[in-house]
Amino acid sequence: MSFTIIRQDTTGEMDIREITNLDIPELLPFSHLSERQLLRYNEPAPGLFVAESPNVIKRALKAGYAPVSFLIEKTQLSAMASGLLSACPNIPVYTSEKAVLETITGYSMTRGVLCLMQRKLPPDAMELCRQLHRIAILEDVMNPTNVGAIFRSAAALGVEAVLLTKGCSDPLYRRSARVSMGTVFQVPWTWLEADDWMAQLHSCGFVTVAMALCEDSLSLDDPLLNEIPRLAVVLGTEGDGLKTTTIAQCDYTVRIPMSNGVDSLNVAAASAVAFWQLCRRTW
């Protein structure tokens with residue numbers, strides 16, 4: 001099926017193109033490329049990602065991410081023309097009826113809008129954290145929903161940056177960014193490239209606390225923890241939690257007091273509880 005533009009409106013500074021399908025190279029990222037393929041799209045330069053919903057896109061734009069093109073339901077054009085689209089002059093805006101777009105993309109679009117955006121180079125982890133006091137470390141958190149929820153809690157509860165091991169889901173994946181309500185664009189983050197990241201954190205003056213169930217763990221409400229000037233909260237993957245070697249390298253192991261025989265929380269829920277208790281000094 002060939003690409004067809006039914007109508008192209010370039011009045012003002014908006015380039016609006018009404019379409020019947022996405023079978024052209026410019027729009028393959030919306031319909032045929034996986035998020036991993038988008039990540040590697042411009043290698044060795046930073047790749048692309050798709051942001052979904054007006055609020056998420058607005059926060060990405062505010063954080064300096066450059067838009068490449070939009071895909072919008074026709075009924076949403078008027079509502080977005082004076083705000084979101086006017087802030088992105090001369091960026092192609094592809095539009096069609098909802099049923100057409102759902103057939104093309106294979107999913108329902110939140111608030112009827114997607115934006116293809118250019119990634120940025122992530123900062124160096126230790127440079128990012130040099131002047132900070134409360135950070136979170138995610139070790140192999142693979143579920144994008146959990147990653148997004150952790151970022152939302154981080155933004156709300158005083159975490160100044162999030163560092164992720166390479167085994168984590170990418171914070172800019174569409175589901176992560178949407179679940180985070182766009183806070184992945186507000187909380188500074190980067191990847192831990194070096195295998196000795198724990199030693200690097202210690203050399204930067206951070207005390208590390210592993211959120212884990214161990215016999216010698218401190219209770220989360222232990223006053224000692226709030227007196228630590230520079231604290232890194234280390235959270236592990238769903239199910240198995242932190243690696244044994246990671247726990248051994250941390251300065252403290254911390255548990256959340258619980259009742260009714262419950263021994264643990266989902267990593268996203270645990271992060272919210274831990275951030276509230278340990279990061280209030282940054283509010």
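Within the 4.5 Å cutoff, side-chain heavy atoms of Val147 are placed close to those of Ser169. Put simply, the side chain of Pro46 does not reach to within 4.5 Å of the side chain of Lys120, judged on heavy atoms. Counting heavy atoms from C-beta outward, Glu73 and Thr95 have side chains that stay 4.5 Å or more apart. Between Asn146 and Val179, every side-chain heavy-atom pair lies at or beyond the 4.5 Å cut-off. By the 4.5 Å heavy-atom criterion applied to side chains, Leu192 and Gln200 are not counted as neighbours. The shortest side-chain heavy-atom distance between Asp15 and Asn90 does not fall under the 4.5 Å cut-off. With contacts defined as side-chain heavy-atom distances shorter than 4.5 Å, the pair Tyr94/Ile16 does not qualify. Using a 4.5 Å heavy-atom cutoff, the side chains of Val273 and Leu220 are in contact.
For the pair Arg230 and Phe206, the cation-pi criterion (under 6.0 Å, within 45° of the ring axis) is fulfilled. In this structure, Lys62 is not positioned above the aromatic face of Phe185 in the sense of NZ or CZ being under 6.0 Å from the six-membered ring centre and within 45° of the axis.
Separation of atoms CG (Leu128) and CD (Glu160) is listed at 10.0 Å; rounding is to 0.5 Å. Note that CE of Met211 and SG of Cys250 are 11.0 Å apart. Values are rounded to the nearest 0.5 Å. Note that CG of Leu163 is 10.0 Å distant from SG of Cys168, once rounded to the nearest 0.5 Å. Considering OH of Tyr252 and CG of Leu218, their distance stands at 7.0 Å, rounded to 0.5 Å. Interatomic distance, CD1 of Ile57 versus SG of Cys115, reported as 5.0 Å (0.5 Å rounding). Atom CD of Glu35 and atom OH of Tyr173 lie 6.5 Å apart (nearest 0.5 Å).
At a threshold of 4.5 Å between side-chain heavy atoms, the hydrophobic network of Ile, Leu, Val, Met, Phe, Trp and Tyr places Leu138 and Leu201 in two separate groups. When hydrophobic clusters are built by joining Ile, Leu, Val, Met, Phe, Trp and Tyr residues whose side-chain heavy atoms come closer than 4.5 Å, directly or via intermediates, Tyr65 is grouped together with Trp191. One hydrophobic cluster, built from ILVMFWY side chains closer than 4.5 Å, cannot hold both Leu33 and Leu39; they sit in different ones. Under the 4.5 Å side-chain heavy-atom criterion for ILVMFWY residues, no single connected hydrophobic cluster contains both Leu225 and Leu132. Cluster membership for Met181 and Val113, using ILVMFWY side-chain heavy atoms within less than 4.5 angstrom, is not shared.
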- prompt: Between Leu84 and Phe70, does a side-chain contact (heavy atoms from CB on, under 4.5 Å) hold up when you go through it step by step?
  reply: CA-CA 10 Å; Leu84 186 62; Phe70 288 91; 4.1 Å; yes
field: Check against side-chain contact (heavy atoms from CB on, under 4.5 Å), Leu242 and Val234
entry: CA-CA 8 Å; Leu242 289 170; Val234 188; 3.6 Å; yes
query: Do Leu38 and Phe49 pass the side-chain contact (heavy atoms from CB on, under 4.5 Å) test, and can you show the C-alpha distance, the side-chain angles, and the key distance before you say yes or no?
result: CA-CA 6 Å; Leu38 290 174; Phe49 67 95; 5.7 Å; no
message: Under the criterion side-chain contact (heavy atoms from CB on, under 4.5 Å), I'd like the reasoning laid out for Phe275 against Leu235: C-alpha separation, chi angles, the key distance, then a yes or no.
response: CA-CA 11 Å; Phe275 296 163; Leu235 297 143; 3.9 Å; yes
Criterion salt bridge (charged side-chain N to carboxylate O under 4.0 Å, His left out) on Asp170 and Arg119, from CA distance to verdict: CA-CA 12 Å; Asp170 193 306; Arg119 287 177 177 266; 3.2 Å; yes
- request: Carefully, step by step, assess Thr165 and Glu139 under the rule side-chain hydrogen bond (donor to acceptor under 3.5 Å, both in side chains).
  value: CA-CA 5 Å; Thr165 67; Glu139 182 183 72; over 6 Å; no
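Judged by distance alone, with hydrogens and angles left aside, the side-chain atoms of Trp189 form no donor-acceptor pair with the main-chain N or O of Ala161 at under 3.5 Å. Within the 3.5 Å criterion, the main-chain N or O of Thr245 finds a donor-acceptor partner in the side chain of Gln249. Checked by atom type and distance alone, the side chain of Arg134 pairs as donor or acceptor with a backbone atom of Pro229 at under 3.5 Å. A donor-acceptor contact shorter than 3.5 Å is absent between the side chain of Lys58 and the backbone of Ser53. Judged by distance alone, the side chain of Ser176 and the main-chain N or O of Pro144 form a donor-acceptor pair under 3.5 Å. No donor-acceptor pair under 3.5 Å is formed between the side chain of Thr237 and the backbone N or O of Asp240. Side-chain atoms of Thr208 come within 3.5 Å of backbone N or O of Asp251 as a donor-acceptor pair. Within the 3.5 Å criterion, the main-chain N or O of Pro123 finds a donor-acceptor partner in the side chain of Thr190.
One side chain, Ser219 or Asp221, offers a donor N or O that lies under 3.5 Å from an acceptor on the other. Between the side chains of Arg175 and Thr145, at least one donor N or O lies within less than 3.5 Å of an accepting N or O. Under the 3.5 Å distance criterion, with hydrogens and angles disregarded, no donor-acceptor pair is assigned to the side chains of Glu238 and Asn266.
Counting all heavy atoms, side chain and backbone alike, Leu61 lies closest to Pro67 at CD2-CD, 3.7 Å. Shortest non-hydrogen contact noted between Val184 and Pro171 is CG1-O, 3.6 Å. Annotation for Gly236 and Val141: closest pair O-CG2, 3.6 Å, computed over non-hydrogen atoms. Of all the heavy atoms in Ser86 and Pro89, the pair that sits closest is O-CD, 3.8 Å. Between Val56 and Ala51 the shortest heavy-atom distance is CG1-CB, 4.1 Å. Considering every non-hydrogen atom in both Ser34 and Gln37, the closest pair reads N-OE1, 2.7 Å.
The pair Asp140-Lys243 counts as a salt bridge, with a side-chain nitrogen and a carboxylate oxygen less than 4.0 angstrom apart. Electrostatic pairing of Glu52 and Arg174 counts as a salt bridge here, judged by a charged N lying under 4.0 Å from a carboxylate O.
The number of heavy-atom neighbours closer than 6.0 Å to CG of Asp216, taken from other residues, nucleotides and ligands shown, is above 12.
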